[in-house]
**Student:** 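Just dropping this structure here.
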There are 2 protein chains.
Amino acid sequence: MPYMTSIENVMTRPTDINELNHRAEEVAALLKTLSHANRLLIACALTEGEMSVGDLASYTGAEQSHLSRDLSRMRHEGLVKARRQSKNVFYRLIDNRLERLVAALCDTFGAAGVK
Amino acid sequence: MPYMTSIENVMTRPTDINELNHRAEEVAALLKTLSHANRLLIACALTEGEMSVGDLASYTGAEQSHLSRDLSRMRHEGLVKARRQSKNVFYRLIDNRLERLVAALCDTFGAAGVK
DNA sequence: GCATATATATATCATATGCCATATATGACA
DNA sequence: TGTCATATATGGCATATGATATATATATGC
């Protein structure tokens with residue numbers, strides 16, 4: 001191991017590399033879900049509160065089937081929750097990491113970002 | 001367009017939906033790059049300053065060829081820059097959006113995140 | 001030429017995406 | 001009740017994109 005320029009950094013990290021990687025994979029998984037314009041916009045929209053699928057369609061301009069599939073995925077990943085009210089299904093965020101992350105994104109990218 | 005619950009939101013957004021989508025795609029592209037444990041760790045490591053590929057190998061535990069490929073990708077995307085010094089190649093972040101984003105991730109996920 | 005450090009190529013495989021069709025659920029109304 | 005319209009969900013299929021493993025290539029210093 002010839003290159004130890006940042007040995008302290010490595011050492012002050014979560015005990016071992018496996019642990020670090022495990023954590024990185026979790027965060028990366030979340031980012032992966034957001035790494036698609038439609039899902040990112042969905043997440044962004046929902047930070048403002050509950051919205052129906054129809055609302056989200058207006059907001060994102062996405063095709064209905066895509067929207068539904070993306071919401072399904074986000075549901076399975078525990079990011080959003082659905083609630084049916086008559087003909088509409090309303091979605092809301094249930095992972096506050098996600099809320100905070102989207103807020104951070106808006107912060108970082110400002111008007112050029114997601115908001 | 002029956003569902004206008006959040007018409008104000010839509011309207012206070014970047015002029016039109018195309019514009020909004022375009023912005024979302026840019027951010028999504030950045031997130032996509034970070035949505036992989038190795039690249040996320042690379043970005044995280046580099047927020048602490050320049051590191052050689054060897055350093056990054058120690059830090060992330062990733063295989064050399066993977067590391068090189070990921071760095072190549074990040075280079076092409078304008079996220080990092082390389083500088084050769086004798087046998088080593090040192091990388092550093094050159095996109096401050098990335099720095100801010102990683103900082104936000106650390107903030108959001110704390111010790112459970114990337115740091 | 002040899003060792004070390006880094007980069008790239010190739011093959012294979014899995015997954016995501018888009019497009020389109022269709023299915024289900026709810027409500028309205030004859 | 002039966003049918004119709006609306007809202008949402010899901011499935012098939014072609015293609016694109018990304019991951020992984022492995023091999024090989026380039027650059028530097030001795």
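By convention in this document, chain letters (A, B, ...) are assigned in the order of the sequence lines, proteins followed by strands, and residues within each chain are numbered from 1. The figures that follow rest on heavy atoms only: side chains count, while hydrogens, waters and symmetry mates do not.
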**Student:** In whole Å, what is the span from the CG atom of D70(B) to the P atom of dG18(D)?
**Tutor:**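 Computing the D70(B):CG to dG18(D):P distance gives 12 Å.
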**Student:** Between R73(B) and dT8(C), does any side-chain N or O lie under 4.0 Å from OP1 or OP2?
**Tutor:**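 For R73(B), the contact criterion (side-chain N or O under 4.0 Å from OP1 or OP2 of dT8(C)) is not met.
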**Student:** Give the nucleotide from the list dA9(D), dT6(C), dT17(C) with an atom nearest to the side chain of V53(B).
**Tutor:**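 From the listed options, dT6(C) comes nearest.
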**Student:** Could you give the distance from CG (L79(B)) to CZ (R92(B)), rounded to the nearest 0.5 Å?
**Tutor:**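 Between atom CG of L79(B) and atom CZ of R92(B) there are 13.0 Å.
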**Student:** Quick one: L31(B) CG to dT17(D) C1', roughly how many Å, whole number?
**Tutor:**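 One finds 17 Å between C1' of dT17(D) and CG of L31(B), rounded.
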**Student:** Does a side-chain N or O from N88(B) land closer than 4.0 Å to OP1 or OP2 of dT6(C), or not?
**Tutor:**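 Affirmative; the distance criterion is met.
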**Student:** Measure the distance from CZ on R75(A) to C1' on dA9(D) and round it to the nearest whole Å.
**Tutor:**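 Computing the R75(A):CZ to dA9(D):C1' distance gives 8 Å.
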**Student:** R97(A): which residues meet the salt bridge (charged side-chain N to carboxylate O under 4.0 Å, His left out) condition with it, sequence neighbours left out?
**Tutor:**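 Once residues adjacent in sequence are excluded, the partners of R97(A) under the salt bridge (charged side-chain N to carboxylate O under 4.0 Å, His left out) criterion are D95(A).
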**Student:** Starting from P on dG18(D), measure out to CG on L34(B) and report it in whole angstrom.
**Tutor:**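 Value for this atom pair: 14 Å.
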**Student:** For each nucleotide in nucleotides 19-27 of chain C, reading 5' to 3', give B when a protein heavy atom comes within less than 4.0 Å of its base, S when such contact involves only the sugar-phosphate, and - otherwise.
**Tutor:** BBB---SBS
**Student:** For L40(A) and dA16(C), give me the distance from atom CG to atom C1', rounded to whole Å.
**Tutor:**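 Interatomic distance, CG of L40(A) to C1' of dA16(C): 17 Å.
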**Student:** Please give, in whole Å, the distance from dA7(C) P to M74(B) CE?
**Tutor:**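 Whole-Å distance recorded here is 13 Å.
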**Student:** Just N and O in the side chain of S68(A): are any of them under 4.0 Å from OP1 or OP2 of dA9(D)?
**Tutor:**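 Checking S68(A) against dA9(D): at least one side-chain N or O falls below 4.0 Å of OP1 or OP2.
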**Student:** Atom NZ of K81(B) and atom P of dT6(C): how far apart are they, to the nearest Å?
**Tutor:**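 It works out to 18 Å between those atoms.
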**Student:** Counting side-chain heavy atoms from CB outward, which of dT6(C), dT10(D), dT17(C) is closest to H36(A)?
**Tutor:**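 The nucleotide sitting nearest to the side chain is dT17(C).
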**Student:** Rounded to the Å, how far apart are E77(A) CD and dT15(C) C1'?
**Tutor:**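 Going from E77(A) (CD) to dT15(C) (C1'), I get 13 Å.
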**Student:** Under a 3.5 Å distance rule, please check whether R39(B) uses its side chain to pair with a backbone N or O of T33(B) as donor and acceptor.
**Tutor:**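 Confirmed, R39(B) side chain pairs with T33(B) backbone.
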**Student:** Quick one: list whatever passes side chain to side chain contact (heavy atoms under 4.5 Å, CB included) with A82(B), sequence neighbours left out.
**Tutor:**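 Counting only residues at least two positions away or on another chain, A82(B) forms a side chain to side chain contact (heavy atoms under 4.5 Å, CB included) with R75(B), V89(B), Y91(B).
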**Student:** Would you find a donor on one side and an acceptor on the other, under 3.5 Å apart, between the side chain of S35(B) and the backbone of K32(B)?
**Tutor:**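 Pair found, side chain donor or acceptor close to backbone of K32(B).
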**Student:** If we ignore hydrogens and angles and just use 3.5 Å, is the side chain of N21(A) paired with the main-chain N or O of T60(B) as donor and acceptor?
**Tutor:**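 Yes; judged by distance alone, with no hydrogens or angles, the pair exists.
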**Student:** Does any donor atom in the side chain of S58(A) or D55(A) lie under 3.5 Å from an acceptor atom in the other side chain?
**Tutor:**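 Distance-only check fails for S58(A) and D55(A).
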